[in-house]
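Keep in mind that this is a model prediction, so the values were computed, not measured.
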Amino acid sequence: MPDQDRSRAGSPAEAAPTLPMCFALSGDVNADQMQRARTVFSRVLAHAHEPVLSVRATLALAPLHSKSSTAEASVQADINGRLLHAHAEAASLHEAIAATADRLAAQMTRSARDWESRRGQHPRRSRGDGDAPALWLP
């Protein structure tokens with residue numbers, strides 16, 4: 001068998017194609033901030049256990065002369081029919097995007113269709129495993 005370079009094989013960036021995302025922008029959001037949001041949300045959605053059908057994101061910056069100088073980011077993803085929505089407000093758009101991505105990742109974990117996620121925990125060692133004797137009560 002010929003040797004193959006596997007240094008990049010299986011990486012999430014290479015394995016997952018670029019997701020089509022619709023963006024709604026409000027305020028003075030520039031192209032770099034939109035590209036950063038696309039990269040961060042794509043990186044989170046690359047770990048989805050099911051196909052991602054559509055993604056819509058909203059980025060908003062309050063005007064500089066307004067009383068509230070906040071930034072907002074929200075994302076809505078359709079993961080094989082399950083609609084997930086994450087939203088965050090922060091002092092900067094960079095922080096809002098990061099917080100939204102964290103919330104999206106948490107929702108993806110909770111909505112996965114495996115029993116560990118549905119129950120909110122991962123399996124633990126049973127009492128019979130390890131050094132302690134198993135206690136079975138009738």
Side-chain angles (χ1 to χ4, degrees):
M1 240 194 299
D3 290 332
Q4 296 178 355
D5 183 22
R6 297 179 187 235
S7 61
R8 291 183 41 186
S11 67
E14 184 180 335
T18 305
L19 295 172
M21 289 188 197
C22 292
F23 278 87
L25 307 176
S26 176
D28 293 332
V29 179
N30 61 29
D32 291 337
Q33 293 168 327
M34 188 176 76
Q35 186 59 35
R36 182 179 184 285
R38 181 184 306 275
T39 302
V40 170
F41 296 150
S42 294
R43 193 172 297 147
V44 170
L45 291 168
H47 296 288
H49 296 289
E50 297 182 34
V52 178
L53 303 178
S54 68
V55 181
R56 289 185 295 177
T58 303
L59 304 176
L61 281 173
L64 294 175
H65 60 276
S66 72
K67 292 182 181 180
S68 65
S69 59
T70 60
E72 296 181 32
S74 68
V75 64
Q76 188 175 30
D78 183 357
I79 301 178
N80 202 22
R82 289 181 180 221
L83 202 58
L84 302 181
H85 182 262
H87 175 85
E89 292 182 10
S92 70
L93 195 55
H94 182 83
E95 294 171 1
I97 291 169
T100 302
D102 290 343
R103 292 175 183 177
L104 180 64
Q107 283 193 10
M108 283 177 43
T109 301
R110 280 195 306 268
S111 72
R113 296 179 196 234
D114 55 342
W115 72 269
E116 294 95 348
S117 295
R118 284 197 306 256
R119 295 192 67 200
Q121 62 186 1
H122 293 280
R124 298 181 192 160
R125 280 187 3 188
S126 67
R127 297 188 119 199
D129 294 345
D131 297 331
L135 299 174
W136 296 99
L137 300 175

Legend entry - Pairwise distance CG(L84) to OG(S111) - rounded to 0.5 angstrom: 4.5 Å

Legend entry - Residue from L61, T70, D28 passing side-chain contact (heavy atoms from CB on, under 4.5 Å) with L93: L61

Legend entry - Distance in Å, Q107 CD paired with H85 NE2, rounded so as to fall on 0.5 Å steps: 8.5 Å

Legend entry - Separation of Q33 CD from S92 OG (nearest 0.5 Å): 9.0 Å

Inset, instruction - Have a look at M21 and tell me which of R38, M34, R56 forms a side-chain contact (heavy atoms from CB on, under 4.5 Å) with it. - result: R38

Inset, instruction - Nearest 0.5 Å please: distance from the CD atom of Q76 over to the OG1 atom of T58. - result: 8.5 Å

Legend entry - Minimum heavy-atom distance A77-L45, with the two atoms named: CB-CD2, 4.0 Å

Legend entry - Gap separating the OG1 atom of T100 from the NE2 atom of H87, nearest 0.5 angstrom: 7.0 Å

Inset, instruction - State, to 0.1 Å, how close H47 and M108 come at their nearest heavy-atom pair, and which atoms those are. - result: C-CE, 3.8 Å

Inset, instruction - Find out if a path of hydrophobic residues (ILVMFWY) with successive side-chain heavy-atom gaps under 4.5 Å connects V40 to F23. - result: yes

Legend entry - For the student: nearest non-hydrogen atoms of F41 and A57, plus distance: CE1-CB, 4.1 Å

Inset, instruction - Of all the heavy-atom pairs spanning L53 and G81, show the shortest one and how long it is. - result: CD1-N, 3.9 Å

Inset, instruction - Indicate the atoms forming the closest heavy-atom contact of V55 with V75, along with that distance. - result: CG1-CG2, 3.7 Å

Legend entry - Closest non-hydrogen atom pair, A90 against A96: CB-N, 3.6 Å

